[in-house]
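Just so we're on the same page: letters track the sequence lines, and every chain starts at 1. All values reported here derive from a predicted model rather than from experimental measurement.
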2 protein chains.
Amino acid sequence: MGRPVRARLSTAAIADAAVELIDSGQPFGLNAVARRLGVKPPSLYNHVDGVDEIIELVRGRLAAQYLAEAGTDAEWGEVLESMIRAERRMYTEHPHVVPLIATSTVRDEGVIRSYDLKATHLVRAGFPESEVLVLVQLLDAFALGSGLDYAAPDAVWEPSGPTKTLGRLLGAGPPGRVRNEQAFEVGLGILMDGLRERLARHVADA
Amino acid sequence: MGRPVRARLSTAAIADAAVELIDSGQPFGLNAVARRLGVKPPSLYNHVDGVDEIIELVRGRLAAQYLAEAGTDAEWGEVLESMIRAERRMYTEHPHVVPLIATSTVRDEGVIRSYDLKATHLVRAGFPESEVLVLVQLLDAFALGSGLDYAAPDAVWEPSGPTKTLGRLLGAGPPGRVRNEQAFEVGLGILMDGLRERLARHVADA
DNA sequence: CTCCATAGCTAATGGCATTAGTTTTTAAGA
DNA sequence: TCTTAAAAACTAATGCCATTAGCTATGGAG
C-alpha cells in the first residue's frame, strides 16, 4: 500500500479517536483506537510511542478543553474552587477516562500549568510555602477520588447479606451518581471552608 | 499428571500469592500469580472464576487484616477517624493494590460491613439519614484518592518547562510521599472538623 | 468396589502491544 | 530535473495474556 497521498493520522486525530472510544465505554486499547481510525495498529507507531503516550494525549486533549486558564484576578478561594469544578466537570463528562489517567505520571504541559496556577494563587493568598504543594495535592486527591467513585458502576456497594444500616439507606436514597454529586459538593464546601480558616490562623500567627 | 495427592491451591493461597506479587511491584496478572504458586495458569480456574475474582480475593484478604471491626463504643468521630486511618494504612502498606481495587465493584462482605459500621455510627451520631451515605462516600473518595496519589510514582508532576511557582516548591520541599502523608493528615483534619460542625448545625436546626 | 467430583495438567484460541521490514509517496537538495 | 531520504501506511511475526476444552489420576461417597 505504501505511504498515502494525504496522511490519515495525526496525534490530534488519535487523541480524538481515543477519547471517543473511551467515552463509548468499550474497552480501551491501541488496537481499538486503530480500528476506530480505520487503520492497522502498527500505523499508530508512526505518530505515537505506544499506548501510554495515547493516554497522555487524552489527558492533554481534555486538559486543553477543561483546564485552560481560568480568570486569574478573582479571590484565591474562588479561583481554586472554579478550577476544581472544571476538573470535576472533566471527570463527570468523561468518566471512563478517570481510571486510565489516575495512575500515570503527568507530563502534559497544560496540566502542569494548572497545578502551577493553583500553587501560585495559594502562595499569593499567604499560605506558608512549605504547605502549598500539600494543599494542591490534597485538593487533587479529593477531586480524583471523587471522580473515580463517579466512574465506578452505579452499585458501588452490593451487600449480599443483611446489614444494620447500609441496606436500608441504599434503598431509600438516590442512585450512586446523585449521591456522588452531593458528596462532591459537601466535600468541596468543607475543604474550602477549612482552607480559609487555616489561612486565617496562619495570618494570625504571623 | 492427574489430581495431586494433596491440593496445592486454595483461595487463601491464591490471595496470599497475589498480594505478594502486587507488593513486589511486578505487573499483576493471573499467569504471574500461577507462576508464583509453581502452578500452570489454568489450574487457578479450579478455585477462581478469573482474574477479577482474584482481585476481589485480594480486597477481602486485606480488608480482613485491616478493616476488622474497630472499637464500637467510642465517640462517632473517633471511630470514623480510626476506621479511615486503618484504610489509609492498608493503602500505604500495599500501594500497588490501590489502582487494582479502585475501579471494581465491592462484593467482599468485610468491606461492606465496614461501610455499614460507618453508616451506623453516623446515623447514631445524629446526621440526617439522607446524608449519611453521602458522607461515607465522601470520606471513602478522599481516602481512595489519597491512596492513589500515594501509589503514583514519586514525581507525580514532572514539569519540563519553566513554572511560576511549582518548580521552586518541588525543589524545596520533601518528596512526594511525605507530602502525601501531610496532605492526608491535613485533609482528614479538615474533613472531620467540618463534619462535627455540620452535625452541630443539624442539631441546632432541629 | 464402583463411580464421580476434584484438581492438577496439556493444548488450543483469540486478543493484545510491539517490532521488523516492505512499499509508496512526498519533499528537499544537488 | 534527478536523486535521495524521510514519512506513513502496510504485512508478517513475536511473545505476552486470559480463558476454554478436554485429559488423567486421585480420593471419598455410596
**Q** Quick one: sort the A:F184 and A:F142 rings into parallel, tilted or perpendicular, breaks at 30° and 60°.
**A**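 A:F184 vs A:F142 ring planes: parallel.
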**Q** Which atom pair, heavy atoms only, marks the closest approach of A:L62 to A:M90?
**A**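 For A:L62 versus A:M90, the nearest heavy atoms are CB-SD, 3.9 Å.
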**Q** How long is the straight-line distance from CD of A:E78 back to CG of A:D73, given to the nearest 0.5 Å?
**A**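 A:D73 atom CG to A:E78 atom CD measures 10.0 Å (nearest 0.5 Å).
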**Q** Using side-chain contact (heavy atoms from CB on, under 4.5 Å) as the criterion, list what pairs up with B:R113, not counting sequence neighbours.
**A**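 Partners of B:R113 under the side-chain contact (heavy atoms from CB on, under 4.5 Å) test: B:E69, B:E109.
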**Q** Salt bridge check, A:R196 against A:E75: does any charged N sit closer than 4.0 Å to a carboxylate O?
**A**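 Between A:R196 and A:E75 there is a salt bridge, with a charged N closer than 4.0 Å to a carboxylate O.
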**Q** Judged by atom type as modelled, is there a donor-acceptor pair below 3.5 Å linking the side chain of B:S24 to the main-chain atoms of B:L21?
**A**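 Judged by distance alone, yes, a pair lies under 3.5 Å.
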**Q** For DNA chain C, which nucleotides open and close the run of contacts to chain B, 5' to 3', at under 4.0 angstrom from a non-hydrogen atom?
**A**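 The contacted stretch runs from C:dA5 to C:dA11.
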**Q** Out of A:H94, A:E87, A:R85, which residue meets the side chain to side chain contact (heavy atoms under 4.5 Å, CB included) rule with A:Y66?
**A**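 Output: one option passes, namely A:H94.
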**Q** Nearest-Å distance, CD1 (B:I14) to C1' (D:dA18)?
**A**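 Rounded to the whole Å, the gap is 15 Å.
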**Q** So how far off straight is the helix from C:dC1-D:dG30 to C:dA30-D:dT1, going by the axes through five pairs at either end, to 10°?
**A**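 One end axis against the other gives 0°.
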**Q** Which atom pair, heavy atoms only, marks the closest approach of A:T120 to B:K164?
**A**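 Taking A:T120 first and B:K164 second, the nearest heavy atoms are OG1-CB, 3.7 Å.
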**Q** Applying ring pair (Phe, Tyr, Trp, His ring centres under 6.0 Å), can you list everything that pairs with B:F28, at least two apart in sequence or on another chain?
**A**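 Testing B:F28 for ring pair (Phe, Tyr, Trp, His ring centres under 6.0 Å), a comparison that skips the adjacent residues, returns none.
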**Q** In residues 16-29 of chain B, which ones come under 4.0 Å of DNA chain C, going by heavy atoms?
**A**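 The stretch gives none, as no residue of it lies under 4.0 Å from the strand.
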**Q** Is a side-chain donor or acceptor of B:R59 paired with a backbone partner of B:L100 at a separation under 3.5 angstrom?
**A**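 Side chain of B:R59 to backbone of B:L100, a donor-acceptor pair under 3.5 Å: no, none is there.
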**Q** Using atom types as modelled and distance alone, determine if a side-chain donor or acceptor of A:N31 lies under 3.5 Å from a backbone N or O of A:P41.
**A**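 Absent.
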**Q** Distances under 3.5 Å between protein N/O atoms and the N/O atoms of nucleotides 8-11 of chain D, please, pair by pair.
**A**
unit_1: D:dA9; atom_1: OP1; unit_2: A:R8; atom_2: N; d: 2.5
unit_1: D:dA9; atom_1: OP1; unit_2: A:L9; atom_2: N; d: 3.1
unit_1: D:dA9; atom_1: OP2; unit_2: A:H47; atom_2: NE2; d: 2.5
unit_1: D:dA9; atom_1: N7; unit_2: A:N46; atom_2: ND2; d: 2.7
unit_1: D:dC10; atom_1: OP2; unit_2: A:K40; atom_2: N; d: 3.0
unit_1: D:dC10; atom_1: OP2; unit_2: A:S43; atom_2: OG; d: 2.3

**Q** Just verifying a value: how many Å separate A:D52 CG and A:R107 CZ, rounded to the nearest 0.5 Å?
**A**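 Those atoms lie 8.0 Å apart.
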